[in-house]
Each structure stands twice: as structure tokens, then as C-alpha cells.
Amino acid sequence: MKYIPHTQADIDQMLQVVGVDSLDDLYGEVPEQLKLKRELDLPSAMSEIEIRNHIEALADQNKLLTIFAGAGSYDHYTPSVIPYIMSRSEFSTSYTPYQAEISQGTLQYIFEYQTMMARLTGLDISNASMYDGATATAEAMMMCVAAAKKRNKVLIASTFAPRVLDVVATYAKYHGVELVKIPQIDGVSDKAFVDEALAQDDVAGVIVAQPNYWGIVEDFTGWADQCHEHKALFVVNAIASTLGVLRTPGEWGADIACGDAQSLGIPVGYGGPYIGYLCTTKALIRKMPGRLVGETVDAAGQRCFVLTMQAREQHIRREKATSNICTAQGYMCLHVAMYLSMMGEQGLREVCQQSYSAAHYLHDKLLETGKFEPCYSAPFFNEFTLKYTGEEGAKAFHKRMAEAGILAGVLVEGEADKIIFAVTEKRTPEEVARFLSLV
Amino acid sequence: MNNKYYSPLVFELSKPGRSGYSLPKNHWGEHHIGDINENLLRQSKPELPEVDELTLVRHYTNMSNNNFGVDTGFYPLGSCTMKYNPKINEEMAALPAFTSLHPSTPECLTQGALELYYNLQRALSEISGLSEFTLNPCAGAHGELTGLMVIRAYHQSRGDHKRTKIIVPNSAHGTNPASAAVCGLQIVEVGSTPQGTVDVEALKELLNDEVAGMMMTNPNTLGIFETQIPQIAQLIHECGGLMYYDGANLNPMLGVCRPGDMGFDVMHINLHKTFSTPHGGGGPGSGPVGVTAALAEFLPNPKVVKGEDGLFHITYSDSALGSVSPLFGNFSVLVRAYTYILSMGREYIPMAGKLSVLNANYIKEQLKAYYKLPIDGLCKHEFVFDGLLEEYGGGAHDADKVTTLDIAKRLLDYGYHAPTIYFPLLFHESMMIEPTETESKETIDQFIEVMRKIALEAKDDKALLHGAPHHTPIRRPDDVFAVKNAKFTF
């Protein structure tokens, strides 16, 4: 077996040193009644050829569609350099960089990632990743409650994707947070509701989505001031790639920015791995969950990097830690650092511009077919929501498109005819024309 | 790994006007971002680096040479199960039919991905002796939190709202109490006996109708099998609680003794430990959670089930605890773990466990004449030394003693990763060693030789060890200055 180097002679010699007669004797203390007295009911070991055939046969049962959908998973282009460098096992097979002397590679790219995410979100600091956008939002919610001390009410926009709301609500339920959904008017959060709730002076934080589930770019003018006046934190969950051009959480006055950085060229990958990000102000650093890399010097006086501020974390603070998170999505920091370095400000702006233009083009053309009506009038970015008015109904339309090889948006649950479409720079004029011809 | 430090950051290689991207021309006509109200647009520049492709490739390639990984050398890192990460796993995970599959694709067109998810659930169920699994949690701690939510959901479904206490041994990893706190549970610590196992008499004192359950790992963090586990499980069950198994130490038990058979109701597995997926310098991992049949209804949404039609379906249920991940967690990690299970098969999965135990005991026996072994006897996949023996410079009252940190740092000079140090908290100089089954006798023998050499060095030249490492890309970093400096961005 190629992953097990022991020869029988090795085993015999080693058993002798240990002073037992057989491998089974190594388990002499384990009560007999607990032992498994049969072989595991699993397939017999397979060769690489057999595995390849088996898994490729499974893969063949997936059908790849031309993607006109987002809803948290955006089909942006991954430059070839990224998977090439990501395959370097010096990075991928390493452990969490506690031994800084032999982990500067990991620490350097996380420090680069932290810098880029802080700049992108317009906040002071970024941690070294969360699992995904949904759990990052849940952690931001818990951070609000921890920072407020005696308040446990958090307001959250109902313009989040239902899947994200589910995760945040689950964390809230078990963590004892009273999570209140902010009603929406014409697809945007109702500020009057928020103002009224804040006036009660019992709200720890307000969490909003930008662009929101419907694709709308919301205007949060005055939200942060209102929150701060009532001692609540303001949290903006932003789709990372859009921050190349959209007003940043920092510029909105947010205390915490969180969300998913999948849109920075991470493959849609059937949902993961993605990377959650969480950025905040210096004032809140001690409430921040997750790992953090800082700059220091070594014994010879040269600049180097270490995991720091660990007094917040579970392995030191146990139940008093800011979170239970330890291993998150560290390796995806390398992806993000490389993506943002390759794109630069100009490239990221171009990705945003092309996605924006293509989405608006598709939006207009879909309306021209006469089978769609607009749902909202607010500005959108590269994702938009339309009502399907064709005779077959949205569900049948969506299915017909899938059979033709097109993922025609995401159907909105509970709102029969609404479909949310997204377009990225990857879509070609031919793909868009084909889609339109089939509508 | 080089011993020369490659130190620049990408920001220092940046030059205005360079670019590393390539995009098609914009075909889409007149719509421009500038049409959006200026108030909604970014007011400041993001100041991202500007580099060409070769500069970028050299930068990250050189940076990778600052790093140690399993492919570079041996990691005797306790509780982390740093086994070899097979390469075919990577190739299978990178198949475009998985990486380019959008999660909103109708389920009839993702049958392959769903079948893989389902098959992995079934395999983990057989390996662990628990009925049903969710593969949605993204890491071990995420799995712990999910498992504890299952326990709370179970009690709440029975209207039993006062069960908010969770018992955790004082030898437990810090994530256990931290996860319990996130889940809204109060932690009650139970002590250990001098033999390092749960003090059952002390446990009895803690039992009442407020106990939601108990978290354990078996073998425990000292690498010792808790032989009283049937009695402990019975005590907890009798008082109405549930047993939670932290899968951090599952590797030695593979095919020998299953958590479900030990009496555990809920567990998580770290696929990045036991099932060979790469640690990635801190994730992405995966923390599947398994439960008994009685608790299956509480597992989080979405779930993957096999229908009577033979097809695989994504379902949501109201009895579920909620959701812990919007989709199926770190899906590509699941592909890797599945590939590993197929490679090992029913023949070699139990061998992994047994040989990891053999490797650990072999090291322990040959080093206990140099290092303090606080608890003698057979260990499982790992064991703990409490620093050097006094005659080798480890005297507890010696102000100039050679510490566990010194030994760990000296190991780096010899091309090894350090063991897990200062954990568990039961001893002052803990040094936790876990070799894993993928290390050959030759590798283990060389490691033993180096550990002996270090002990002799400690005896003769303490300063050499206090100053270690000497041959790594950087020297010991100043951790205190890092906190004072508070510089987290370039």
C-alpha cells in the first residue's frame, strides 16, 4: 500500500522495541466488548486507475451549464497562475503557522491578504479568514453583542440571501441573540424601521447586505451615524469584488465589514471552499474572532511575521474566547492575495465594469423579449431580479433552459415568478445571444 | 525549504502602470458604472499592488521556499494528524465537473456530486458506528458547534430547556469549551486522575438534570484510551445527557473500536486529519458530524438523501437544528477525503490506525530515557513528554533549564517541525508527539536520533538551545513586540 511504508520486518522490529507481540496487542487495554469484531463494510482498496474511473464516472453525471446565476456564487475568471501556484505543496501541506521560523511563506501571504482586504473594505484590519460569507456574518453578529455587553438584540436586513439568513439565524438561536429582520420596501431595507428600533437603545448592531440578494445597490447614507448615536455597531456585508468600484463599508461608516470573497475569482465549486472575510476598526480588535498575523522582528532584527493577539483565541482563552473558530480557510487567503495582486485596481475595475455592462445588457434584452417585467427600480450591479411573465411559468422556463445547457438565474423561493440573474466578465456575446434566442 | 529568507512583500514589488491581468474587450455597449449615483461609488483608491505575471510567479514561488510542509519533512505534531496528503486526491478535486459546478444547478444535473456526498456520508457512518452524517461543517470547530447544536435541539425538542451545562475534561482542547460557549452552553470542567483519564468519581458529583451532555475525545489528548468509557457513557445517559466525541483523535481507532460502539451519540470528524486532506496552513478543512439514528432529524439543512427512485435529493426539514453553512461546506475537501477512503479501502483503513499507534509507542519507548514521561504504559497515536529529564538540563527548579520551547526550536534546525507544545495544560512542559502511519521506520529512527542528540546538546550547551533555531529562514520572532507594534497591514 503506497501510503503505508512499513514492511513486515519493520513492524516486527518495532513491536519488539515496544514490547508487545502483535499490532492487536497495542490495543490490549481497550475493553473487548467495544472492539469491532468484523471487517469494515467498505469497498476494497482501489488502484489509481479504478479510482479515476469511478470518480470520473460520477463527475460525468454532473452537467455544467452556462452560468447566468449568482446568489452568493459568482462565476468570475480564475487566472491560470492561481491554480498553478496553489498547487505548490510547500504552501498546501503546511500546518497553521505557529512555528513562525519555518512558516514565513504562509504568514507573509496572510499579511498581504489582510492588507488588501483592509484596503478593499476601507477598514483598519482584517483577520486571516472565516469559513464563508454566512458564518462571517454570524460572527459579526456575535461580535456586536460582545462589544455591547448588556444588549443582545441585532437587526439584520431581510435583503440577504435566504441561505445566509438561515445560517445567521441558527447561530443567533443557539447563542441567545435576538435577531430581528428589517422589513424591505421595493427591495431595499426600511430605514424608518431601523431608526425606530435604534431609538429603543437596546440594539447591539445593524447588519446590511451590499449589493443585496436582489442585486440592488442600496444607499446607506446616515445609517452609521444613526447606529453610533444609539451605541450600536453598523455592519456591512459586501460582495468583495464589487468593492473595486462601490462605496466601501469604511466609507459608509461601518464598524465591521464581512462577507464572502468568493467573487475574487474563486471557482463556484459546488459551494466551496470559499472564503469568508471579516474586517473591523482598531477599536474593536480585541473583540475580533479568528487568527491574525502581525509584523514583528526576529532575534537578528529583521522584519518577519507571526500569529499575534492570540489572547482572543480559543486555544488560550477557552470558553472566554471571542469565538470557537481556529482552522478557517487560510489557504484561500493565498488565492485572494494573488488575485488582487494580478488584477490590481485597474483589472478589478475592469472586471466590475464588464460584469456591470453585461448584466445591464442582458437585463434590457430580457425585457425586450416581452416575457419579463422589472421587479425593482433601484440601481443594480451585475445581478438583477425580474418577474417571468411567459405562459409556461418561471419554473418550467428555468427547467427548459437547464435542459438546453443554461443556468437561467436562481428561482426565488416562495415568490413564484421571480428570478435573479447574474452575469460576469466570463460570458461571451455568443453565450448571451444563445440564451436570448432560447428565451 | 531554503534557509535563506525571502522577505519582500508584493507591495514592495509594485510599480504604477504594471498589470498582471488579461481580459477580453468590453462587448457590452453603453452601460457604465459611472451611471450609478456617485454617492454609491468608491470614494478612495483601493491601492492594490500592480505587478506583471512573472514578478508575481517568482514572488510566490520564492515565498513558498520559506515554508515547511508535509511534503518537505516530518511533523510530529500532536493532535494534528499530519499524515501524507495523496496527490490523486488533488487531481480528483480539481475535475472541472466539480470545480465549475454552480451550487444552484438543478439537482437532477448534479447527481454525481450528490452521489459522492452520499457515499462519503455512508463510509463515515460505517467507520464511526454512527447512523447519519452531515458533511456541511467547514472545520473541526465548526463541526463541534454543529454537534452541540444537535444536542441542544434534541433537549429542546423534548421541552427540556434547563439542560444547558456541558461537561468537559480539563485535558480537553480549547475549542471544546469555546464551541460550547458559542452554542450558549455553560462549561463544567471535570478533573483527571493521576493516570491522565477522566476522574469518574468526580464526574458523578457533577451529574444532575441540568447536564446537556459531555464532550470527550478517546483516546484523550494524552494519547491514553479512556477504558472507563462504557461506564462514563452510562452515567451521562442515565442522567439524561448525550455523549459528544471530538474526532481529533479518531485516527488510532480506525477499524478497531468505533465511537458509536463506545456509547457516543454525536461526533465530528476532521477530514484534514484522519482522512488525509491538506491542512493548507490553516484550512480549508472539513468537520462532518455524525449522530445516532434517534438524533438524525436534528442534523442541519440542507441534507442529501437517496430517494426510492434511486436518485439523490437535496432536502430541508423543519426539525433540523437550522443551517451552519449555506451549501455543502467545503465540497472539494469532501472529494479528497472520498478519494482517500477508496484508496485505502477496508483493508488499509484499520492498518492506518494500528501503525500510527506502533509509530507513537516506538518513539516513546526509545526516548523515555531522555525525556520525562509522566504517564507510562501503552499510548495510542500520540503521547506527551513533560520536558527533558533533569540530568539532561530539564530540571524544574533550574532557572537556566532547557525548556520545551527550546527543544521545539532546535528541532527546526534539524529539519523537523516541532511537536505540539505546552498543551495539554496538565503539565508545565508538555510536548505532544504524534507521528502518523505514513512515516517510515527510517524517518522515525532519524527523528529519535535527533531527539537524543538534542538531549545531549541540552546537557552540554544550554545556550545553543536557548538561542535556537540557528538555521531557519528567520530566527526566533519577538512575539511581545508583535502585540506592542500592532501592525497588521503593510
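Every chain is numbered from 1 and lettered A, B, ... according to where its sequence line falls, protein lines coming before strand lines. Basis for what follows: all heavy atoms, side chains included, without hydrogens, waters or symmetry-related copies.
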Segment of [X] engaging chain A (4.5 angstrom heavy-atom cut-off):
| X | result |
| --- | --- |
| Leu41(B) | both |
| Asn85(B) | side chain |
| Tyr60(B) | both |
| Leu95(B) | side chain |
| Leu327(B) | side chain |
| Ile33(B) | both |
| Pro300(B) | neither |
| Leu148(B) | neither |
| Asp71(B) | both |

Looking only at heavy atoms and a cut-off of under 4.5 Å, which of [options] has the most pairs with chain A?
| options | value |
| --- | --- |
| Ser64(B), Pro49(B), Gly129(B), Ser440(B) | Ser64(B) |
| Ser22(B), Ala97(B), Gly322(B), Pro96(B) | Ala97(B) |
| Glu365(B), Arg258(B), Lys83(B) | Arg258(B) |
| Glu144(B), His279(B), Met149(B) | Met149(B) |

| request: Establish, yes or no, whether the cationic atom of Arg119(A) lies under 6.0 Å from the six-membered ring centre of Phe11(B) and within 45° of the ring axis. | output: yes

| request: Drop me the distance from Phe305(A)'s CZ to Asn66(B)'s CG, to the nearest 0.5 angstrom. | output: 10.5 Å

| request: Could you grab the distance from atom CD of Glu345(A) to atom OG of Ser19(B), nearest 0.5 Å is fine? | output: 12.5 Å

Using distance alone, with no hydrogens and no angle criterion, decide if [X] and [Y] have a side-chain donor and acceptor under 3.5 Å apart.
| X | Y | result |
| --- | --- | --- |
| Tyr131(A) | Ser325(B) | no |
| Thr248(A) | Arg42(B) | no |
| Thr72(B) | Glu90(A) | no |
| Tyr5(B) | Gln104(A) | yes |

| When you measure from the side chain of Asp10(A) to the backbone N and O of Lys441(B), does any donor-acceptor pair fall under 3.5 Å? | no

| query | Considering only heavy atoms, which portion of Asp166(A) lies under 4.5 Å from any heavy atom of chain B: side chain, backbone, both, or neither? | reply | both

| message | Please determine whether a side-chain nitrogen of the Lys or Arg among Asp24(A) and Lys354(B) lies less than 4.0 Å from a carboxylate oxygen of the Asp or Glu. | response | yes

